[in-house]
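Here the structure is a predicted model, which means the values were calculated and not measured.
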Amino acid sequence: LRQQANATPWERVRTKFNSANKSLSVEKDGKTAIALAPEGEKLLQSLPADLQQKIRRNDFVKLTAYVAEGVLVRIEKA
């Protein structure tokens, strides 16, 4: 939770969900942040169902990610 307070917003991130290990990752300007299981799946499920489906299909979705120390702590529709 301490990380949430220090989180930096990354806008228009490229989001990928790895269904094999249930991690959610975001990329922006050559940098990557990741949320490992079970957090990755929880973050994915915090989004509306239509966005979840798009991310699972690797479609591009405009999202804002909140990153602290390389860890994805929150994600929301841009």
Would you sort out whether L63 and L51 count as a side-chain contact (heavy atoms from CB on, under 4.5 Å), showing the intermediate values?
CA-CA 9 Å; L63 297 171; L51 291 182; 4.1 Å; yes

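- Annotation: the span from F60 atom CZ to I55 atom CD1 amounts to 10.5 Å, rounded to 0.5 Å.
- Residues E11 and K28 are not paired through a salt bridge, judged by the lack of any N-O separation under 4.0 Å between the basic side chain and the carboxylate.
- Interatomic distance, CD1 of I34 versus NZ of K16, reported as 10.5 Å (0.5 Å rounding).
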Next item on the list: Run the numbers on V61 and T15 for side-chain contact (heavy atoms from CB on, under 4.5 Å), then give the verdict.
Entry: CA-CA 7 Å; V61 181; T15 308; 5.9 Å; no

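- Judged as a side chain to side chain donor-acceptor pair (under 3.5 Å), and not counting sequence neighbours, S25 has no contacts.
- In terms of heavy-atom proximity, A68 sits nearest to A7 at CB-CA, 4.1 Å.
- A distance of 8.5 Å separates CG in L44 from CD1 in I75, rounded to the nearest 0.5 Å.
- Contact annotation: the side chain of W10 approaches that of V26 to within less than 4.5 Å [non-hydrogen atoms, C-beta and beyond].
- Heavy-atom minimum distance, P9 versus T64: CB-CG2, 4.2 Å.
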Worksheet item: Is there a side-chain contact (heavy atoms from CB on, under 4.5 Å) between L24 and L72 once you walk through the steps?
Response: CA-CA 8 Å; L24 188 67; L72 177 60; 3.8 Å; yes

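- Listed by first then second residue, pairs satisfying side chain to side chain donor-acceptor pair (under 3.5 Å) with a partner in residues 38-59 read R57-D59, not counting sequence neighbours.
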